[in-house]
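Order of the sequence lines fixes the chain letters, A, B, ..., with proteins taken first and strands second; residue numbering starts at 1 for each chain.
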There are 4 protein chains.
Amino acid sequence: MSTTSRLARDPEKEARILMAALTEFSEHGYRKTHVEEIADQAEVSKGLVFKYYQSKENLYLTTLKSATQKFMAIADYNIWQDSEDLVAMVVNATRYKISLQLKFPREFKLLLNAFVQGSQLPKAIGDYVNTTFISNTDLQKKMLTPVLQRSKLKPGVSIDDVYEMIRWIENGYYGRIQEYLGTHPEITSIEDMNEIIEQLTKYFEIFEHGFMASN
Amino acid sequence: MSTTSRLARDPEKEARILMAALTEFSEHGYRKTHVEEIADQAEVSKGLVFKYYQSKENLYLTTLKSATQKFMAIADYNIWQDSEDLVAMVVNATRYKISLQLKFPREFKLLLNAFVQGSQLPKAIGDYVNTTFISNTDLQKKMLTPVLQRSKLKPGVSIDDVYEMIRWIENGYYGRIQEYLGTHPEITSIEDMNEIIEQLTKYFEIFEHGFMASN
Amino acid sequence: MSTTSRLARDPEKEARILMAALTEFSEHGYRKTHVEEIADQAEVSKGLVFKYYQSKENLYLTTLKSATQKFMAIADYNIWQDSEDLVAMVVNATRYKISLQLKFPREFKLLLNAFVQGSQLPKAIGDYVNTTFISNTDLQKKMLTPVLQRSKLKPGVSIDDVYEMIRWIENGYYGRIQEYLGTHPEITSIEDMNEIIEQLTKYFEIFEHGFMASN
Amino acid sequence: MSTTSRLARDPEKEARILMAALTEFSEHGYRKTHVEEIADQAEVSKGLVFKYYQSKENLYLTTLKSATQKFMAIADYNIWQDSEDLVAMVVNATRYKISLQLKFPREFKLLLNAFVQGSQLPKAIGDYVNTTFISNTDLQKKMLTPVLQRSKLKPGVSIDDVYEMIRWIENGYYGRIQEYLGTHPEITSIEDMNEIIEQLTKYFEIFEHGFMASN
DNA sequence: AATGAATGAGGGTTCATTCAT
DNA sequence: AATGAATGAACCCTCATTCAT
C-alpha cells in the first residue's frame with residue numbers, strides 16, 4: 001500500500017509524457033499529432049499514455065493546462081509592476097512577455113496554436129480555451145490603471161481608452177518582434193532582443209504626444 | 001455544338017458544391033471537414049464532388065481561390081481612396097472591410113482560417129496561402145502614403161512610423177469590432193455597425209494629438 | 001420503321017467501339033481498361049457503349065469473339081496445307097502464324113492476354129476462353145496427319161508422338177521469335193522475319209534424324 | 001529484455017497472414033484479391049495486416065519473395081545433377097519440378113501468375129518479377145552442359161542447339177503434365193506422377209535418334 | 001503497473017453502371 | 001438514338017483506443 005497515491009503513477013513517466021506531448025502538439029497541432037509518437041518520445045508505451053490521460057483529447061487539455069500553469073507560476077508581475085512611468089511599464093511588460101516566450105517556446109506555441117485553432121478542436125478543448133484566455137488582459141489592465149490614474153489625460157480621453165490603445169500598440173509592435181524572431185531562429189536569450197524592445201519606447205512617445213506637428 | 005463549355009458541369013451543382021465546401025471548410029477547417037458531408041449538403045453524390053474537383057485538397061484550394069476572387073472582384077478601393085483626410089480614410093477602409101466580412105462571412109472565416117492554419121495544412125495549400133496573402137498591406141500602404149505626405153508630422157516621426165501605428169490601431173479596433181460581432185450574431189448589415197465604426201474616429205484623434213494633457 | 005434492325009445500331013459506331021476496345025483491352029488488360037477511355041477513343045459516349053454492349057464484361061467478350069473471328073475468317077490454311085514435306089509445312093505454318101501476328105498485333109495480344117489471365121477474369125469470360133482455345137490444335141493436327149502418314153517412322157514411334165513433338169519444337173522456337181520481336185518493335189512485315197523463320201528448318205532436321213552422332 | 005525481436009510481430013499471425021495472402025493472391029491474382037478477405041481468412045484484423053505489411057502492394061511483394069525463398073531453400077539440385085545420362089537428368093529435373101509444384105501448389109501458381117501478369121501489376125512488382133525470374137534457365141543450362149559435352153553430337157549440331165531443344169521438349173511435355181494435373185486434382189504426391197513422368201524418357205529417345213526410319 | 005499487439009470505425013478515392021434529357 | 005452527368009458500392013489505408021499478458 002503506497003503512501004503516495006491510489007493510482008500510483010510514476011511521476012517521471014508522467015512528466016516525460018507531458019513533455020513529449022508539449023513538443024508534439026506545439027509542433028504539429030492537435031490533429032496531426034499522433035499519440036504513438038508522443039509515447040515513443042516519452043519512452044513509454046502507448047498504453048501508459050492512455051492509462052494516465054484516458055484520451056488524446058484529455059492529454060491535449062492537460063498539456064494546455066500545464067503550459068498555462070507554467071506561465072502563471074513563473075509570472076513575476078512585480079518585475080514590471082513597479083516601473084516608474086507608463087512607457088517603462090509597457091516596455092518592461094513586453095520584454096517580460098518575450099523573455100517568457102524565449103524561455104518556454106513550446107508552451108508559447110502550444111497556447112497560441114490552441115487559441116487560434118478555436119472551434120476546429122474538440123468541443124471540450126475549445127471551451128477550455130475560451131474560458132481561460134481572457135483573464136490575462138484583465139490583469140494587465142489592473143496593473144496599468146494606477147499608473148494611468150497618476151497621469152493627466154487630455155479632456156475627453158478616458159483611462160480605458162488609453163489602456164486599450166496601449167494594448168493595440170503593444171500588440172502591433174509585438175507582431176513586429178515575432179517577425180524578427182521568425183527570421184532569426186538563432187535567438188534564444190532576451191538579451192539579444194533588448195535593442196528591438198527598447199524601440200517600443202519611441203512608439204509610445206509618439207502615442208503620448210501625437211504624431212501631428214502641434215502646429 | 002455548344003460554344004460554351006467543354007467539361008459540361010452543371011453550374012448549379014458546381015455552385016452548390018462550392019457553397020457547401022465554403023460552409024463546411026469555414027466552419028470546421030480542412031481536417032475536420034468530410035467530403036461526404038459537403039456532398040450531402042450540396043445534394044449531390046460524393047462521386048460528383050470528386051469528378052468536379054478531383055480531390056479534397058483541390059476542392060479546398062478552389063474554395064480558397066473562389067473566396068479570394070470574390071473579395072478581389074468586389075473590392076472597390078475608390079470608396080475610401082478619395083477620403084478627405086487620414087481619419088476619414090482609415091474609418092472608411094475599416095467600414096469597408098467590415099462590410100465585406102458581413103457580406104461574405106464564410107469567405108472571410110475561410111481565408112482567416114487558412115491563413116492561421118498555416119503549416120498544419122497540406123503543403124500545396126500552405127504554399128498558395130503564403131504567396132497570396134501578402135499584397136494586401138502593401139496596397140493599403142500605397143493609398144495612405146499620399147495623404148500622410150500632405151500631413152505635417154512631428155520632428156523625428158517618419159511616415160513609416162505613422163503608417164505602421166495606424167495599422168496597429170486599426171487592427172486593435174478591428175479586434176474590438178470582431179468581439180462585438182461575435183456577441184451579436186444577428187447583425188448582418190453594415191448599417192448596424194456604423195455607430196461602432198464611427199467611434200474609431202475618436203481613437204485616431206487621440207492618436208493624432210496624443211493622450212497626455214499637453215501640459 | 002427501319003428495314004435493317006430492331007435496335008438500329010449505327011454500324012460505324014459499333015465498329016469504332018470494338019476497335020477502341022480492342023486497342024485498350026489488348027494494351028492494358030481487362031481490369032486496367034476503363035470503359036470511359038474506350039468511349040473517348042471511339043468518339044462515342046459512354047452511354048452508347050453500354051447500350052450496345054450492356055456491360056464491360058460483355059464488351060470484352062465481344063471483343064474477344066471478334067478477334068477470334070478475324071483470325072478464323074482470314075485463316076487460309078491452304079497456304080501451308082499443300083506444302084511438300086513436313087518441315088516445309090511446319091515452317092510455313094509458323095511463318096503464317098507470325099504473319100497473322102504482325103497483321104493483327106492487337107488481336108493477337110488480346111487473345112494471348114485473355115488466355116493467360118484465365119481465372120482472374122470474370123467467370124463468363126474464363127469459361128469462353130477455355131472452351132474456344134482448344135480447337136486450334138485439333139485443326140493443325142488434322143492437317144499434319146496426312147503428311148505424317150506418308151512418312152516412314154521409326155518403329156515404336158507413333159504419329160501422335162511425332163505430331164506432339166513437332167508442336168513442342170514449334171512452340172519453343174516460336175518463343176524465340178517472340179523474344180526477337182520484343183526487342184525489335186520496328187518490325188511490321190513478315191519479310192523482315194523470313195530469315196529467322198527459315199532457321200526453324202535446321203531444328204526440324206535435327207529432330208528428324210536425332211542429335212546424337214549415329215554411332 | 002528480449003534478444004530476439006524488435007518489431008514484436010506474432011509469428012503465428014504473421015504466418016497466417018502470409019498464408020492467407022498466398023492463398024488469395026494465387027487464387028485471384030493481385031487486383032481481385034481484397035486485403036479484408038486476407039485478414040478475415042487469417043483471422044486477424046485488417047489493421048494488423050497493414051501494420052505488418054504496410055500496403056497491399058508490399059504484402060504481395062512479400063508473398064512473392066516468400067514463395068521464391070521457399071523454392072530456393074528447398075531446391076536440391078543434386079537430386080538430378082548426378083544423373084548418369086542426359087535423359088535421366090532431364091527426367092529427374094522434370095520429376096523434381098513437378099514434385100515442388102505438388103508440394104507448393106499455391107506458391108507455384110502465385111509465381112506463375114506474377115510472371116504472366118507482367119505489366120498489369122504495379123510497377124515495383126513488375127520490376128521485382130523481371131529481375132528475379134531469369135536466373136532459372138541459366139542454372140539448368142550450366143548443369144546440362146557437362147553432360148552434353150560428353151555426348152557425341154551430329155556434325156553441324158551445336159551444344160546450344162541441343163540444349164535449347166531439350167528445353168522445348170521438356171516444356172512441351174511439362175504442359176501435358178499440367179493438363180493431366182488439371183484434370184486430376186486429387187493428385188497430391190509425386191508417386192502418382194511417376195508413370196507419366198517416365199514417359200518423358202520415350203520422347204527424349206525419339207529426340208536423340210530422330211523419328212524418321214533411318215533410311 | 002506497464003506493454004504494445006490488435007482492433008475497426010472512418011475517410012478519401014475509383015469506376016462500372018444508370019438515367020434524365 | 002445518343003449523351004454524359006450523376007451515382008454509390010467497393011476498396012485501400014490511418015490511427016485512436018482497447019485489452020490480454
Quick test: give all pairs of protein nitrogen or oxygen and nucleotides 9-11 of chain E nitrogen or oxygen below 3.5 Å, distance rounded to 0.1 Å.
from	atom 1	to	atom 2	distance (Å)
E:dG10	O6	D:K46	NZ	3.3
E:dG11	OP1	B:H34	NE2	3.0

message: Listing request: all salt bridge (Lys or Arg N to Asp or Glu O under 4.0 Å) pairs with a residue in residues 110-126 of chain D, at least two apart in sequence or in separate chains.
response: D:K123-D:D127

message: Quiz question: going by heavy-atom distance under 3.5 Å, is there a donor-acceptor pair between the base of F:dA5 and the side chain of B:K13?
response: no

message: Restricting to side-chain hydrogen bond (donor to acceptor under 3.5 Å, both in side chains), what partner residues turn up for B:R106, sequence neighbours left out?
response: B:T23

query: Hey, does the side chain of B:S45 come within less than 4.0 Å of F:dT7's phosphate (OP1/OP2), counting only N and O?
result: yes

- request: Only counting residues at least two apart or in another chain, list the ones meeting ring-ring contact (aromatic ring centres under 6.0 Å, His included) with B:Y53.
  value: none

statement: Note, DNA chain E 5' to 3' with Watson-Crick or G-U pairs under 3.5 Å encoded as ( ), [ ], | and . gives .||||||||||||||||||||

task: Assess whether one donor atom and one acceptor atom, taken from the side chain of C:K51 and the base of F:dA1, lie less than 3.5 Å apart.
output: no

- request: Kindly write out the residues that satisfy side chain to side chain contact (heavy atoms under 4.5 Å, CB included) with D:K13, not counting sequence neighbours, or none if the list is empty.
  value: D:D10, D:R16, D:V44, D:L48, D:Y52

- request: May I ask you to test the A:Q41-A:E24 pair for a side-chain heavy-atom distance under 4.5 Å?
  value: yes

field: Sequence-distant partners of B:S119, side chain to side chain contact (heavy atoms under 4.5 Å, CB included), two or more places apart
entry: none

- request: Under the side-chain hydrogen bond (donor to acceptor under 3.5 Å, both in side chains) rule, collect the residues that match up with D:T62, sequence neighbours excluded.
  value: none

- prompt: In chain order, what residues pass the side-chain hydrogen bond (donor to acceptor under 3.5 Å, both in side chains) check against B:D40, with sequence neighbours excluded?
  reply: none

message: Using a strict heavy-atom distance below 4.0 Å, which residues from residues 22-32 of chain B are in contact with DNA chain F?
response: none

task: Just jot down the side-chain hydrogen bond (donor to acceptor under 3.5 Å, both in side chains) partners of A:H34, sequence neighbours excluded, or say none.
output: none

query: Excluding sequence neighbours, so at least two apart, what forms side chain to side chain contact (heavy atoms under 4.5 Å, CB included) with A:A67?
result: A:E107, A:L110, A:L111

